[in-house]
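Note that this is a predicted model, so its numbers are computed, not measured.
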Number of protein chains: 2
Amino acid sequence: MSAITVLLVDDHLVVRSGLKALLGTQPDFDVVAEAASGEEALELVDLHAPAVVVMDLAMGAGIDGIEAIRQLRQRNSRQPILVFTTYDSDADIVRAVDAGAMGYLLKDAAPDEIFAALRGAVQGKSVMSAPVASRLFQQLRNPDEVLTPREAELLSLLTQGLSNRELGQRLFISEATVKTHLAHIYAKLGVETRAAAIATAIRREGMR
Amino acid sequence: MSAITVLLVDDHLVVRSGLKALLGTQPDFDVVAEAASGEEALELVDLHAPAVVVMDLAMGAGIDGIEAIRQLRQRNSRQPILVFTTYDSDADIVRAVDAGAMGYLLKDAAPDEIFAALRGAVQGKSVMSAPVASRLFQQLRNPDEVLTPREAELLSLLTQGLSNRELGQRLFISEATVKTHLAHIYAKLGVETRAAAIATAIRREGMR
DNA sequence: AGCAGCATCAGCCAAAAGGTTGAGAGACCA
DNA sequence: TGGTCTCTCAACCTTTTGGCTGATGCTGCT
């Protein structure tokens, strides 16, 4: 049988070469290309048509991993995409799955877990690290705590330190509306002040 | 001549094996041991007495990189320690240098930069990535922007989302004093609201 | 002794944020 | 069609925060 062709996408050379070394210990994997950015990933997928793509979410410059996944999905490319990243923030997980990721692995995963995830992915199976799965479960159990798109947008700007007035101007809505959204966000995050909301968002939701 | 013996410390297996693969391309490096935690690092230094230690700061469990550096320094071990991490937050840099790190490399560094840093370190030279160096320089140039111990303490609590009243209670000072400290902190951070201060602190000062 | 930096506190005022209630428009779905 | 969700806005009121000025005691350095 032929080997599973893999495209690695990570802006850190050490991670790419580490992953390559790990996959090299298995006879059925063949790393056919490496990309250091989202843009490069799009090119190399077209060029090599790998059986599976392993992608980090945090990319230094240019489009990030989420956007790269989205654009790959919009082309008619069929290869499964596995997210391979350091953090298991709620927001990242949801966005990645939403964008069309096939699985979500953390970088401290054991080699066997990585191998199994890759082999599973090419067969159409979804695989994710245990901490990631438990976070998703919790979100499904408590849908009341999931922010609406608009709320998430506002929260993202909030973590930049903007005032209500600035938020309104930026989003083209009145300050009254901003306050309404904020009240809902506070309730969902379980906080009472914008300070706590920012702290929670940056730490728990991974908005950096 | 004999090879430079290296100990790798990083909780991510992929990073260790990537670094090992990179160093393997050079004839003068020999990775004699790998540690996945601070505790393990301390043991393996005793056991192998490597010529240089390459250490990540963020370690999943147990003592973190900074503490590991400090403890290594307190023993009579002489090997230079190179920090090899993802983020260049002001706080991390200062703390690492303070703990006795010999250099500070970012994970997106080019292979040649890594090789040069390792070779330099064993000869007693300090090496750091350009962004890291520029941050240190800026701190030296603008001592006015350095927070006093009390201000740092307050800022740390601020990033937990506490109100002025709560800050006062926690630090056993009046709300008036809290406001005075905050005003100074805002000036030093170059912000005007607590929201922006929190955002800046968590992102730039690395208070997570 | 004098000066600078730090930490502490007070009072006053304006601005911002938060709590509450109520309400209308559009989307979506049963 | 009716119900639910989301997004939008308003008015009112209380609390919190921020800007300003000024002041005290302590420490360390010169």
Q: Provide, to the nearest angstrom, the distance between the CG atom belonging to A/L182 and the P atom belonging to C/dG19.
A: 10 Å
Q. Mind checking whether B/T177 and B/F172 have side chains closer than 4.5 Å, heavy atoms only?
A. no
**Q.** d(CG, A/L162; P, C/dA16) in whole Å
**A.** 13 Å
Q | OP1 or OP2 of D/dT17 under 4.0 Å from side-chain N/O of B/N164 | A | yes
Q: Measure from OH on A/Y186 to C1' on C/dA17 and round the result to the nearest Å.
A: 7 Å
Q. Taking it one step at a time, do A/I63 and A/Q71 satisfy side chain to side chain contact (heavy atoms under 4.5 Å, CB included)?
A. CA-CA 10 Å; A/I63 65 177; A/Q71 294 196 20; 4.3 Å; yes
Using a cutoff of under 3.5 Å, can you pull out all pairs of nitrogen or oxygen atoms linking the protein to nucleotides 5-15 of chain D, with atom names and distances?
residue: D/dC7; atom: OP1; partner: A/T148; partner atom: OG1; Å: 3.4
residue: D/dC7; atom: OP1; partner: A/R150; partner atom: N; Å: 3.0
residue: D/dC7; atom: OP2; partner: A/T148; partner atom: OG1; Å: 2.4
residue: D/dT8; atom: OP1; partner: A/R150; partner atom: NE; Å: 3.2
residue: D/dT8; atom: OP1; partner: A/R150; partner atom: NH2; Å: 2.7
residue: D/dT8; atom: OP2; partner: A/R150; partner atom: NE; Å: 3.0
residue: D/dT8; atom: OP2; partner: A/H181; partner atom: NE2; Å: 2.8
residue: D/dC9; atom: OP2; partner: A/S174; partner atom: N; Å: 2.6
residue: D/dC9; atom: OP2; partner: A/T177; partner atom: OG1; Å: 2.8
residue: D/dC9; atom: O5'; partner: A/T177; partner atom: OG1; Å: 3.3
residue: D/dC9; atom: N4; partner: A/T180; partner atom: OG1; Å: 3.0

(Q) Could you check whether any side-chain heavy atom of B/S17 comes within less than 4.5 Å of a side-chain heavy atom of A/L22, counting everything from C-beta outward? (A) yes
Q. Can you check side chain to side chain contact (heavy atoms under 4.5 Å, CB included) on A/V54 and A/L118, steps first, answer last?
A. CA-CA 8 Å; A/V54 178; A/L118 278 172; 3.5 Å; yes
Q.
Less than 4.5 Å apart, side chain to side chain, heavy atoms only: is that true for B/V127 and B/M102?
A. no
Q. Given B/K107 and A/D11, is the salt bridge (charged side-chain N to carboxylate O under 4.0 Å, His left out) satisfied, shown in steps?
A. CA-CA 9 Å; B/K107 280 191 181 167; A/D11 60 334; over 6 Å; no
Q. Atom CD1 of B/I198 to atom P of C/dA17: distance rounded to whole Å?
A. 12 Å
Q | Spacing of B/L167 atom CG relative to C/dC9 atom C1', expressed in whole Å | A | 16 Å
